[in-house]
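Below is one structure, written out as structure tokens; comments come after it.
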Amino acid sequence: MGYRVSYEQADRLLQTWQKQYRIYAPKRFAGRGWKPGTDMIRYGEIQSFRDVAYTEQSHFSPKDVVAPIMQTMLSFTADEVKVSSIDDRGILLLARPCDIHGIHRLDKIFLKNGGQADFYYQRYREKVKFVMIECREGWDHCFCVSMGANRTDDYSMAVRFGPDDLLIEVRDEDFADSLAGLPAVDFTPEFVSQDKKPVQLPVIKNPEQLKAAYDLPMWAEYNDRCISCGSCNTVCTTCSCFDTIDVIFSETSRDGERRRVWSSCMLESFSTMAGGHAVRKTPGERMRFKVLHKVHDYRSRFGGDEHMCIGCGRCDIRCPEDISFVDAVNRLSAAMAGQAVVVGTKEEI
Amino acid sequence: MQEQAAKMKDMLDPATVDDLELVLSGPESFAPLTESDAGADDEVQKINTCCRACISNCGVIAHVRNGRVIKLEGNPEDRMSKGAMCAKGLAGIQALYHPNRNKYPMQRVGERGENKWKRISWEEAIDIIARKLMETREKYGAETVFCSTGGGGNPEIWSIARFCNIFGTPNWFEPGCAQCYLPRVLATAMMYGGDDSSIADSNALEIYFPEDTEMQSLVLWGTDPSYSCTASGGAAVVDLRAKGVKTVVIDPRLTPDAAKADVWLPVRPGSDVALMLTWIRYILDNRLYDADFVLRWTNLPYLVNTETNMLLRAETSNDPASPDTFMVLDARTGSPRPLPYPWDDNLDPVLDGGCHIDGIEYKTGYRLLKERVEPYTLEKGAELCWLEPDRIEKGIRMFTDNQPGGLALGVATDQTPNSVQAAMAANIIDLLMGNVERPGALMQRFRKSGVFDMPNYPVPIAAGRLPDEQLKKRLGGIEHKGLHIWYAGHATSIFDAVLTGEPYKPRIWIDRSGNKMGAIADSHKVKRVIDELDFIVHMYMYPTSFSAYADILLPTTEWLETDMMVETCNTLCARQAVTHLWETMDETEIWSRLAKRCGELGHEACRLAFDAEYMGKDLPYWESVTELWDHFLSRIDLTWEQLKQNTPYEYMSKDEWKTYYVYQQTDPQTNLPVGFNTPSKKIELYLESMITLGRTGLPFSACELEPATRDYDPLPYFLEPSESPLAGSELVRSFPLVMTNGRVPLYHHTTLRNVPWMRELYPVPELLIHPTDAEKYAVEHGDWVWIESLRGKIRALASLTQGIMPGVVFMERFWNPETLDSKTRGWQEMNVNVLTKADAPFNDVVGTYTLRGILVKVYKADGPPEGIWQKPEDFRVWLPEPADPTKEVRL
Amino acid sequence: MKQSVQNIMVIDLDRCIGCMACQVACKLENEVALGADRIRVLTIGPTGTYPDLQMYFLPVMCQQCEEPPCVAVCPTGASYRRTEAGDIQIDRDICIGCQSCYRACPYALNIFNNELRIMDKCDQCAHLQKIGEKPACVKNCPGRAMFFGDANDPDSDVSRILCETDPAHVHTLPDSGNRPMTRYILRKSDWVEIMPQEVPEPVNRRRQR
Amino acid sequence: MENIMLPSGAKIIDIIHETTAEYTFRVAYDQPIRHGQFFQLSIPKVGEAPISVSAKGEGWIEFTIRKVGRLTEGLFGLQPGHTIFLRGPYGNYFPIESFDNKALVVIAGGTGLAAVRSLLRHYADNRADIRDVYLIAGFKDINSVLFTQDLQRFRETFNTIATLDNMTAPGFSTGLVTAHIPSIPFAELGDCNVVIVGPPLMMRFASEACIKNGADPDNMWLSFERKMSCAVGKCGHCKINETYVCLEGPIFRYTKAQELLD
């Protein structure tokens with residue numbers, strides 16, 4: 001069932017929904033871009049559908065709605081320790097199909113891996129309902145089709161933003177009532193059907209091939225280029241790594257918190273243990289770790305067809321040194337295609 | 001009060017994690033976090049007060065919330081600091097809330113030096129001390145009790161002098177005193193009778209008004225205001241330089257002011273007087289002095305009997321308003337003639353001349369001075385001071401070509417046995433140029449509020465209460481009579497008396513302020529003295545090396561807890577308590593209580609000291625400091641409460657206050673110019689009264705004393721350091737480097753080594769050494785080195801720099817509170833005074849010993865002293881306690 | 001047309017006496033932890049040969065670059081330029097303490113706050129600006145060597161002092177394209193080029209050399 | 001919803017100073033654990049880190065901790081009676097069922113000994129359960145020797161070589177652990193198990209030396225150490241390929257370890 005809704009009507013709906021939900025969408029933050037004079041688009045709570053920056057891809061993914069950049073786990077006062085709590089309301093999350101896939105990837109790690117669900121993720125995640133932002137064209141740099149992340153049916157509503165009004169499809173009973181009575185139209189969302197630049201995925205079938213992938217000379221090329229800032233990880237929807245840190249509010253404070261903050265496998269400190277030993281010492285080694293996680297390790301662990309990467313392409317856009325993940329994957333795939341012949345194992349695409 | 005064992009060790013235990021105890025006593029299960037009720041911020045009170053992290057008294061606005069001081073900032077209304085504070089002052093909060101403050105009176109348990117204590121009440125503490133004092137007085141005489149004070153941290157110097165005078169002991173001393181400031185005060189008082197030119201001692205007030213000063217040049221001799229009084233004098237000198245005032249800096253170290261000077265004269269430590277005499281000779285030879293002023297307003301034209309060294313008098317006056325009449329050599333008649341004060345236009349006095357009268361040779365003061373400086377040519381000065389003649393000349397010319405100007409003398413020259421002569425010579429240089437009481441000069445008699453009897457120290461010292469027979473027992477008081485200007489004894493003489501029992505054996509030491517192990521020369525000797533004593537009391541804000549050897553510790557107030565009056569230019573300011581912690585007590589009150597208890601135990605003079613009628617202008621002892629300040633402020637119709645509310649209080653307008661040419665004002669009694677505050681009413685460059693002082697103790701001693709072994713010299717002379725590096729010295733072969741010491745901008749005296757913010761910036765003392773010397777002794781930048789003198793050895797971190805004179809090394813004085821509970825008690829690791837020299841030669845007039853210009857050797861050490869802290873995190877355990885409630889303790 | 005606000009610091013090095021009060025004033029105002037400093041006073045020199053020496057002091061703090069490398073690399077967008085003041089700020093709520101900005105800063109003037117485990121740097125006392133006060137270091141500077149204000153406002157302290165000063169005496173830290181905004185005035189000594197790799201020395205100790 | 005990140009308090013019973021930089025903390029604990037497992041150990045406001053159990057007994061377990069990093073610095077300020085916080089045990093453990101009645105070779109370097117100490121104590125207590133134990137324990141120098149009492153007992157009970165890298169001392173051999181591996185009579189031990197714990201390079205060279213001397217790679221076990229923030233497969237730090245050390249480790253069969261590529 002679809003509706004055509006003016007922005008004014010939509011905002012009245014928004015107000016209704018806000019009683020039960022906090023509503024998150026990509027918003028424009030003026031002047032907050034990485035380059036002087038540019039804006040940043042990232043997720044935030046909206047008060048109006050006019051706040052939604054729908055004409056561009058958001059620089060950050062919606063993951064910080066369910067796995068915030070920084071969240072308090074425990075709070076310590078001089079003589080008390082408490083578990084943090086969050087808002088009771090549900091969460092309506094406006095997201096494109098690839099990002100909805102991305103959150104499913106996070107679910108694997110946070111809810112499934114190790115057979116136990118993570119409390120701090122789950123308490124957000126179980127509140128989330130998706131409002132899918134229709135994405136028909138994609139952008140030059142994204143490759144969701146290659147990653148199988150272009151379509152989804154996990155949404156309560158889908159929305160097509162227009163300059164004057166919105167088309168909304170409702171699939172969730174909970175929202176049907178609030179829309180009832182508005183002008184009905186025939187609207188079902190469309191999806192991207194072809195990547196502008198498709199990505200070749202590598203074939204790695206056994207430990208020998210994995211070893212061959214590890215030993216490729218291409219990784220060392222990143223040593224000079226990558227500055228290990230970790231930006232590719234933070235804009236990625238599916239990067240889930242975090243650090244647990246304890247903080248005190250000032251040097252002489254008796255109050256403090258145990259926090260969870262995003263971490264990045266591209267940072268030199270990611271694998272550094274107390275005492276200083278680091279497992280992956282060079283940017284190249286870290287690039288290899290990341291790329292293989294995204295297009296090999298994840299699938300090896302969880303099985304099925306899906307890779308971790310959802311093809312949003314944000315990492316390529318973001319990299320301050322213009323390093324392309326897509327290039328890395330394509331080069332890896334090409335090299336492995338060659339390797340496959342060399343090591344004489346069965347080829348499979 | 002219940003006895004509670006408290007070990008210093010517990011107070012100093014460097015727990016690795018802050019607040020561990022509190023964290024770990026927390027619950028073992030977790031409750032869900034509820035919205036914390038942060039609540040509205042409580043109101044912040046802003047209270048005007050004055051700093052006392054050093055002696056500068058800068059105006060401070062303390063921000064106080066719920067009784068806790070949360071921020072300090074400079075008070076823009078302050079006439080001298082103008083809204084700025086230095087690092088030391090800003091550290092006040094960390095000093096105030098230091099977890100290792102002395103919080104309660106403590107009594108030693110266990111052996112002396114074991115550093116084990118139990119808490120006692122104030123009543124008990126005062127009673128124990130008073131009983132011990134009375135017992136010792138009874139058995140051995142009051143003079144066997146000696147006291148010491150110091151300028152380190154919140155000094156309240158004069159209560160101690162008052163107590164000694166009333167109790168009946170002539171023996172109190174300050175590690176500074178003869179080594180710090182007194183030589184300058186003495187020389188200036190005797191030669192001029194107005195304020196000396198010390199910037200660091202808040203004189204030289206001319207420099208704080210750059211907008212209207214006529215000053216053209218400033219000589220900073222052995223002083224670096226940017227280090228020693230950053231926010232006041234340091235900033236003022238910045239303003240002067242920016243205005244175009246030329247500066248000459250005399251210092252072996254390239255200090256900030258030296259780096260910014262027009263001429264830097266790096267002088268060999270201990271040779272300053274030679275350089276001064278070189279300046280004087282150059283000024284005389286080249287007739288650069290203000291001839292008219294010298295003739296009319298100094299005593300240099302007066303004739304001196306070369307046999308007695310006394311001035312030739314035509315008439316001796318019995319009227320204090322009129323000076324004696326002196327004889328001059330009249331050029332017109334070619335004969336000696338009396339010169340009536342202030343001048344006789346009929347006479348033409350010769351400046352450089354001499355004559356014989358009745359077979360006795362007489363010379364003018366000028367000629368004697370000229371003869372005195374005769375050997376000190378530029379070349380000779382350069383040779384003695386390790387300088388180039390051209391450079392010396394350039395320095396002199398920079399000063400003499402840019403007049404008016406001023407010469408500000410610092411503490412450096414006070415720290416050698418040539419101390420008083422340096423002050424005399426420096427004054428001569430400035431006064432020859434006529435730099436006194438004129439716009440642009442440093443020596444001034446600007447007006448005062450009149451509330452103080454002693455400059456900036458309001459406690460009435462009751463000097464007349466000390467019986468003459470007791471005064472005569474003052475140790476060192478015969479040889480070094482200049483000390484009587486501050487009613488003080490001579491530290492080394494007191495210590496020698498303890499060690500030898502001659503002429504009598506002092507037995508009790510009550511000390512206030514600082515760490516005497518770090519402040520007195522030859523620290524090992526101080527320890528030997530301590531071992532001989534019956535009883536030791538230390539009152540201070542923190543435990544120090546010295547307190548480890550004490551029997552009773554008394555907790556005193558930090559400056560943020562103290563009430564005191566301060567005079568800053570034309571304003572009166574209140575240093576007012578903005579909070580109060582634990583059972584700390586203002587020292588002014590401690591001494592009063594001690595006197596009271598002694599009175600109760602039968603000390604008649606102490607009992608009478610509470611009798612207002614009996615005490616008269618010396619005032620009875622007080623119950624609270626407010627009483628005392630109210631008394632003094634009543635002189636200008638103010639109360640302490642009013643001053644606190646209106647600080648800074650402008651007691652007169654700037655124009656009224658800034659009075660130039662005071663000496664030219666007419667004395668209504670005589671209708672003559674009031675002249676200078678000297679016996680002759682002239683500037684006494686030939687200081688005859690030195691001779692009188694040495695022979696009688698007058699005018700400073702309350703009664704006439706036996707003469708010193710030798711007369712004091714009325715003119716400055718150069719005394720080569722006893723540990724000389726010059727050719728012919730035996731010692732220099734084994735100890736080839738000259739050591740000097742001085743300040744960094746983070747510490748004052750022995751204070752603040754326990755303040756994290758200061759220590760992280762300067763964790764250990766650095767030995768500044770020139771790269772050529774470093775190479776010679778195989779030392780590299782960043783090496784730990786031993787520095788050894790005849791008296792001991794210490795370590796420091798070598799810092800190679802071009803900015804120190806070759807052949808000279810520099811080190812800041814230091815001690816290590818973090819090793820207080822170790823065998824060293826914190827004073828043996830890096831304390832320069834382990835190296836310095838407390839024995840003869842002394843300055844004849846005031847007994848100064850040798851703190852600078854000793855010989856040392858330097859060699860590489862394996863590493864730092866054990867247990868010292870160097871990393872910023874090390875100092876975490878000294879961070880303020882997060883939530884000490886401010887308690888108003890009823891004592 | 002009214003220019004946007006560009007708050008900068010101007011430091012008159014002839015007035016700086018190396019007293020380090022700015023460091024302590026900053027620590028007091030901003031609760032900067034031990035071992036960390038938002039502002040550091042470097043000793044430059046002595047250069048030359050004894051006794052003909054030059055030495056001056058150089059307070060360094062975030063240079064509020066026009067092309068800030070710290071903003072360009074910040075992985076969470078926590079480092080940003082404030083449009084209303086032209087300065088660079090760190091949003092403490094989204095800083096993950098990864099130290100990328102520290103590595104990107106040519107002068108290593110971003111510091112790690114060990115208590116909060118996030119990055120910290122000179123924010124020109126933004127909280128004091130809100131109540132109309134100058135940054136703590138500027139306000140307290142005993143030598144009155146520090147000036148703060150809007151470079152685009154011709155009546156500001158900084159514009160006035162820059163206007164009065166011979167441009168040959170106005171310097172910046174080395175610019176590798178980041179365009180540092182802090183201006184240093186040095187008239188009497190020679191400006192010794194401060195190489196970026198020399199500034200970062202994380203040791204707090206002042207040492208003459 | 002269960003919060004798997006929530007630690008619970010445990011009292012410190014005793015603190016043993018093994019060396020100046022390594023202390024053993026005995027902590028009250030009465031749940032079952034297996035040899036080789038680890039805990040996430042924390043001090044609120046200081047931090048959390050994975051620490052392996054170095055011994056267990058009636059109502060207690062021990063952790064031996066080296067003074068590196070923020071948390072361990074914090075731990076070193078503690079006293080008996082203080083509470084620390086634990087969650088765990090985590091990870092897999094040594095398959096002692098398959099060790100029983102066979103020969104066991106244990107090669108430990110430095111603090112690596114802590115990770116196998118509980119296993120060794122088990123066999124010292126139950127000597128009959130194991131055919132023979134060959135222990136090579138390597139330390140940097142005499143000042144870094146750990147578990148002196150246990151080591152004495154191991155010497156008495158097992159074939160023990162304690163060696164110092166570069167130093168001679170009574171009762172100690174000299175040289176790296178690898179130098180002593182040839183003295184283990186692998187050929188005579190038959191179906192033996194080998195456990196190797198220590199720094200990464202040491203584990204690598206020791207493994208190679210053992211194989212060269214006849215050890216069966218399939219019966220060799222290594223214990224991995226990795227940075228971890230969660231220990232439950234969420235934080236990502238300890239992932240190697242598709243493997244999470246916290247979940248599938250920390251103990252890996254050598255043949256599996258060979259496939260793990262960092």
Side-chain angles (χ1 to χ4, degrees), chain A residues 73-76 81 83 109-110 112-123 126 207 210-211 213-215 239-248 253-258 260 263 265 269-280 285 288-289 292-293 296-302, chain D residues 1-9 21 40 42-51 65-74 83 85 90 111 199-201 224-248 255-256 258-262:
Chain A
M73 302 168 75
L74 305 171
S75 106
F76 313 115
V81 186
V83 178
I109 299 287
F110 284 118
K112 302 275 177 353
N113 197 32
Q116 285 179 301
D118 169 49
F119 169 84
Y120 294 99
Y121 179 80
Q122 192 178 18
R123 64 181 180 170
E126 67 185 12
L210 184 60
K211 180 81 171 66
Y214 262 72
D215 292 341
C239 274
S240 58
C241 293
F242 63 82
D243 286 326
T244 302
I245 56 169
D246 283 24
V247 305
I248 48 175
S253 169
R254 285 180 176 167
D255 299 344
E257 290 182 351
R258 178 159 298 167
R260 171 183 289 188
S263 186
C265 61
S269 61
F270 184 76
S271 67
T272 309
M273 283 178 277
H277 178 73
V279 174
R280 292 175 291 278
E285 288 170 323
R288 178 176 69 194
F289 178 84
L292 284 162
H293 192 198
H296 173 72
D297 299 345
Y298 174 94
R299 192 168 72 169
S300 296
R301 181 163 185 90
F302 296 107
Chain D
M1 211 189 311
E2 193 201 346
N3 186 347
I4 56 173
M5 303 285 182
L6 210 54
S8 53
Q40 283 290 107
S42 65
I43 305 178
K45 291 188 264 189
V46 180
E48 193 176 46
I51 310 281
I65 298 169
R66 190 173 169 75
K67 192 175 180 175
V68 283
R70 193 169 136 108
L71 173 74
T72 52
E73 289 269 345
T83 304
F85 289 80
Y90 293 121
T111 37
L201 270 183
F224 275 38
E225 201 186 332
R226 281 295 180 281
K227 177 169 176 167
M228 288 175 196
S229 273
C230 75
V232 288
K234 312 297 179 193
C235 77
H237 284 285
C238 71
K239 177 189 151 308
I240 312 175
N241 311 140
E242 81 279 10
T243 301
Y244 286 75
V245 173
C246 63
L247 301 174
E248 284 86 54
T255 43
K256 171 66 183 171
Q258 278 299 90
E259 291 174 7
L260 298 178
L261 302 171
D262 267 312

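Values in this document were obtained by computation on a predicted structure and should not be read as measured data.
Counting heavy-atom pairs closer than 4.5 Å to chain A, the top residue among Val68(D), Asn3(D), Leu247(D), Thr243(D) is Asn3(D). Of all the listed residues (Ile4(D), Val232(D), Asn241(D)), the one sharing the greatest number of non-hydrogen pairs under 4.5 Å with chain A is Asn241(D). Listed options His293(A), Gln122(A), Arg299(A), Met73(A) were ranked by heavy-atom pairs under 4.5 angstrom with chain D; first place goes to His293(A). Contact tally against chain A (heavy-atom pairs below 4.5 Å) for Pro199(D), Gly236(D), Gly69(D), Cys246(D): the top residue is Gly236(D). Chain D forms more heavy-atom pairs under 4.5 Å with one residue of Cys239(A), Ser263(A), Cys241(A) than with any other, namely Cys241(A). In terms of heavy-atom pairs under 4.5 Å with chain D, the best-connected choice from Ala274(A), Cys265(A), Gly276(A), Ser271(A) is Ala274(A).
Here Ile240(D) contributes atom CD1 and Asp297(A) contributes atom CG; the two are 10.5 Å apart, rounded to the nearest 0.5 Å. Taken from CZ in Arg70(D) to CD1 in Ile245(A), the straight-line distance is 8.0 Å, to the nearest 0.5 Å.
Between Asp262(D) and Arg280(A) a salt bridge is recorded (basic side-chain N to carboxylate O distance below 4.0 Å).
Both the backbone and the side chain of Gln116(A) come within less than 4.5 Å of a heavy atom in chain D. Both the backbone and the side chain of Ile109(A) come within contact range of chain D, judged by heavy atoms closer than 4.5 Å. Interface remark: Glu225(D) contributes backbone and side-chain atoms alike to the contact with chain A (heavy atom separation under 4.5 Å). At a 4.5 Å heavy-atom cutoff, the contact between Phe110(A) and chain D is made by backbone and side-chain atoms alike. No part of Ala278(A) comes within reach of chain D, as not one of its non-hydrogen atoms sits under 4.5 angstrom from that chain. Neither the backbone nor the side chain of His296(A) has a heavy atom closer than 4.5 Å to any heavy atom of chain D.
With Arg123(A) contributing its side chain and Met1(D) its backbone, the two residues share no donor-acceptor pair below 3.5 Å. Panel note: side chain Lys45(D), backbone Ser75(A); no donor-acceptor pair is recorded below 3.5 Å. Side-chain N or O atoms of Ser300(A) include none that pairs as donor or acceptor with a backbone N or O of Glu242(D) at under 3.5 Å.
The salt bridge (Lys or Arg N to Asp or Glu O under 4.0 Å) check on Arg260(A) picks up Asp118(A), with sequence neighbours excluded. Here Lys112(A) pairs with nothing under the side chain to side chain donor-acceptor pair (under 3.5 Å) rule; sequence neighbours left out.
Nearest heavy-atom pair, Thr244(A) versus Ser229(D), reported as atom, atom and distance to 0.1 Å: N-OG, 3.1 Å. When all heavy atoms of Arg258(A) and Ile43(D) are compared, the pair lying nearest together is NH2-O, 3.8 Å.
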Quick one: do Tyr120(A) and Met5(D) satisfy side chain to side chain contact (heavy atoms under 4.5 Å, CB included)? Show the steps, please. CA-CA 9 Å; Tyr120(A) 294 99; Met5(D) 303 285 182; 3.8 Å; yes
Stepwise side chain to side chain contact (heavy atoms under 4.5 Å, CB included) test for Lys211(A) and Glu259(D): CA-CA 8 Å; Lys211(A) 180 81 171 66; Glu259(D) 291 174 7; over 6 Å; no
Kindly indicate, with the supporting measurements, whether the criterion side chain to side chain contact (heavy atoms under 4.5 Å, CB included) is fulfilled by His237(D) and Phe242(A). CA-CA 8 Å; His237(D) 284 285; Phe242(A) 63 82; over 6 Å; no
Should Phe289(A) and Lys239(D) be marked as a side chain to side chain contact (heavy atoms under 4.5 Å, CB included) after you check the CA-CA gap, both sets of side-chain angles, and the distance that decides it? CA-CA 10 Å; Phe289(A) 178 84; Lys239(D) 177 189 151 308; 3.8 Å; yes
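The side-chain heavy atoms of Pro200(D) and Val279(A), taken from C-beta on, include no pair separated by under 4.5 Å. Taking the side chain as every heavy atom from C-beta outward, Leu292(A) and Leu261(D) never approach each other to under 4.5 Å. Arg301(A) is listed as a side-chain neighbour of Tyr244(D), based on a closest heavy-atom distance under 4.5 Å.
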